[in-house]
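All residue numbers in this chain count up from 1 along the given sequence.
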Amino acid sequence: MPTAVLTDRERTAVQAYLRLLHTVRAAFDGPVDGGRPVMVPPAVLAEADGALARAGLAGNEEEFFRLLRHWCPQE
C-alpha cells in the first residue's frame, strides 16, 4: 500500500477535522442540557472549514477522506 505524503496544508486540514470529530464526539457523550447535546463551538467548525479550503479540499470529500484514511486509519 503506498504511503500518502501530506503537504503542510493537507496535514493541517486532517488535524482540524480530527479536532472537530473529537469535539463532536465529546459533545454527544457529554452532559445533556434540556434534552439536547452541547453545541459544538463555532470556532471549531470555522477552523476545519478554513483548513479544508486552504488545502484545496473543500468540496472534494473523496480526496480528503482518502488522505485521512492513509494518515490516520483508525478514525
Original post:
What are the two closest non-hydrogen atoms of A48 and L20, and how far apart are they?
Top reply: CB-CD2, 3.9 Å
Original post:
Got a second to check how far E47's CD is from Y17's OH, nearest 0.5 Å?
Top reply: 14.0 Å
Original post:
Is the shortest heavy-atom distance from the side chain of V14 to the side chain of E10 under 4.5 Å?
Top reply: no
**OP:** Considering non-hydrogen atoms only, spot the tightest contact between L52 and A13 and give its length.
**Re:** CD2-CB, 3.9 Å
Original post:
For R9, does the CZ atom sit with more than 12 other heavy atoms under 6.0 Å from it, leaving out its own atoms?
Top reply: no
Original post:
How many angstroms lie between CG in D49 and CZ in R54, if you round to the nearest 0.5 Å?
Top reply: 10.0 Å
